Amino acid sequence: MGTLIGQELFKLVHKVGTWIAVGVMVVIQFAFIAGGLIYPKVFNQAGMITSDFVADSIIVFIMIASTASIIAMEFQYGTIRQLLYRQYYRSQVFISKLITLVIQLVCLHLIASLVTMVASLVAFPDFDWTASDHLKNYALTQGGETLTLLLLMSVVLLLATLFKTNAAAIAVGFVGYFLVEIAGTILISLIQKWEWLKWLPFTMLMTSSQILTPGLKSMTKLDLPWMIGLTCAYTVLLTVISYLSFRRRAV
């Protein structure tokens, strides 16, 4: 297992797209930092900092692409055969890819957080992390966004096991992301009429928002502990289904 994880990390580190994605994320962060300095009345300082200067949104797109490609590329280029012929179980291959994705996600958040912390000290010295629960809101934002992103990644992972090419998997991943976001918004309206719909996984996309705004309970009809628990449960369930699809797929 350790060898497989090492190989996956090696491929990730030596992929040009990995560093391009990180570079784009950091550049966008600096663009919003500059915007905050030039137009302080337009850009909400606290809001930008708690969202890592929009890095949270960029990380979503990076991880969707990574999740889609980490499975699809193995089948597209036939490298999955080499792994299986070396007497690795499909479960080991699948788990090593999951661990690699989690490591990538953690690293992206660490980079984004580092840029945010430095920017808050250098560009916005008046920003006080201890005032108005800024540090608490930052932690809640990051935790909520990560929880929701893991659910999205499990959906993309399942879709990736169904496609033969990397490009198709990524494209479907992005389309699926936007459709899921739209479905989640529409579902909130439908829940007001048919409350049983609140148990659908699309509702859990509101988890990060409800963590920061407990009043959303009136819209989702679910208490926060239920939202968090169901988000984790659906993530695990979809990941297990993804593995079953991965295991049954012909090489």
Side-chain angles (χ1 to χ4, degrees), residues 21-22 24-33 36 43-68 98-120 127 129 132-157 173-174 176-185 187-188 201-217 219-220 222-236 238-239:
V22 172
V24 169
M25 181 184 73
V26 173
V27 167
I28 291 176
Q29 281 187 283
F30 277 111
F32 275 87
I33 292 169
F43 294 89
N44 179 272
Q45 187 182 88
M48 287 197 304
I49 290 176
T50 54
S51 66
D52 277 334
F53 296 99
V54 197
D56 288 349
S57 299
I58 306 302
I59 289 174
V60 170
F61 289 103
I62 294 174
M63 291 311 302
I64 285 176
S66 293
T67 303
L98 291 182
I99 294 174
T100 301
L101 288 171
V102 171
I103 292 174
Q104 182 183 10
L105 177 59
V106 171
C107 288
L108 287 172
H109 274 297
L110 288 176
I111 294 170
S113 296
L114 179 61
V115 172
T116 298
M117 294 299 177
V118 172
S120 67
F127 184 81
W129 281 97
S132 302
D133 293 328
H134 289 316
L135 188 59
K136 176 183 176 182
N137 289 336
Y138 180 78
L140 290 175
T141 298
Q142 299 307 311
E145 292 290 344
T146 300
L147 199 61
T148 305
L149 178 53
L150 288 173
L151 176 59
L152 282 170
M153 286 169 60
S154 67
V155 174
V156 175
L157 192 66
F174 284 132
Y177 165 68
F178 287 113
L179 289 177
V180 165
E181 287 289 326
I182 294 171
T185 304
L187 190 61
I188 292 300
F202 299 115
T203 310
M204 307 313 133
L205 295 174
M206 296 288 291
T207 299
S208 57
S209 299
Q210 190 161 323
I211 287 175
L212 290 172
T213 312
L216 286 177
K217 174 186 173 182
M219 298 173 62
T220 62
L222 285 169
D223 292 326
L224 185 56
W226 272 105
M227 293 282 285
I228 294 174
L230 286 171
T231 301
C232 295
Y234 276 123
T235 300
V236 172
L238 289 168
T239 302

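We're numbering straight along the sequence, starting at 1. Just so it is clear, the structure is predicted and the values come from calculations on it, not from any experiment.
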Q: Tell me every residue that passes side chain to side chain donor-acceptor pair (under 3.5 Å) with Glu145, counting only those two or more places apart in sequence or in another chain.
A: none

Q: List the residues meeting side chain to side chain donor-acceptor pair (under 3.5 Å) with Ser120, not counting sequence neighbours, and say none if there are none.
A: Trp129

Q: Who are the ring pair (Phe, Tyr, Trp, His ring centres under 6.0 Å) partners of Tyr234, not counting sequence neighbours?
A: none

Q: Who pairs with Thr235 by side chain to side chain contact (heavy atoms under 4.5 Å, CB included), at least two apart in sequence or on another chain?
A: Leu150, Leu151, Ser154, Thr231, Thr239

Q: Just to verify, what does Lys136 make a salt bridge (Lys or Arg N to Asp or Glu O under 4.0 Å) with, not counting sequence neighbours?
A: none

Q: For Ser113, which residues count as a side chain to side chain contact (heavy atoms under 4.5 Å, CB included) partner, sequence neighbours excluded?
A: Asp52, Tyr138

Q: Check residues 103-110 and write down every donor-acceptor pair under 3.5 Å in which the side-chain atom is one partner and the other belongs to a residue at least two apart or another chain.
A:
{"from": "Gln104", "atom 1": "OE1", "to": "Ser66", "atom 2": "OG", "distance (Å)": "3.1"}
{"from": "Gln104", "atom 1": "NE2", "to": "Ser66", "atom 2": "OG", "distance (Å)": "3.0"}
{"from": "His109", "atom 1": "ND1", "to": "Gln142", "atom 2": "OE1", "distance (Å)": "3.4"}
{"from": "His109", "atom 1": "NE2", "to": "Thr146", "atom 2": "OG1", "distance (Å)": "3.4"}

Q: Please answer whether the main-chain N or O of Ala119 pairs with a side-chain N or O of Gln29 as donor and acceptor at a distance below 3.5 Å.
A: no

Q: For Val156 versus Ile64, what's the shortest heavy-atom pair and its separation?
A: CG1-O, 3.7 Å

Q: Given 3.5 Å as the limit, does a donor-acceptor pair link the side chain of Thr213 with the main chain of Gln210, or not?
A: no

Q: Would you sort out whether Lys217 and Asp223 count as a side chain to side chain contact (heavy atoms under 4.5 Å, CB included), showing the intermediate values?
A: CA-CA 6 Å; Lys217 174 186 173 182; Asp223 292 326; 2.6 Å; yes

Q: Using side chain to side chain contact (heavy atoms under 4.5 Å, CB included) as the criterion, list what pairs up with Val236, not counting sequence neighbours.
A: Val240

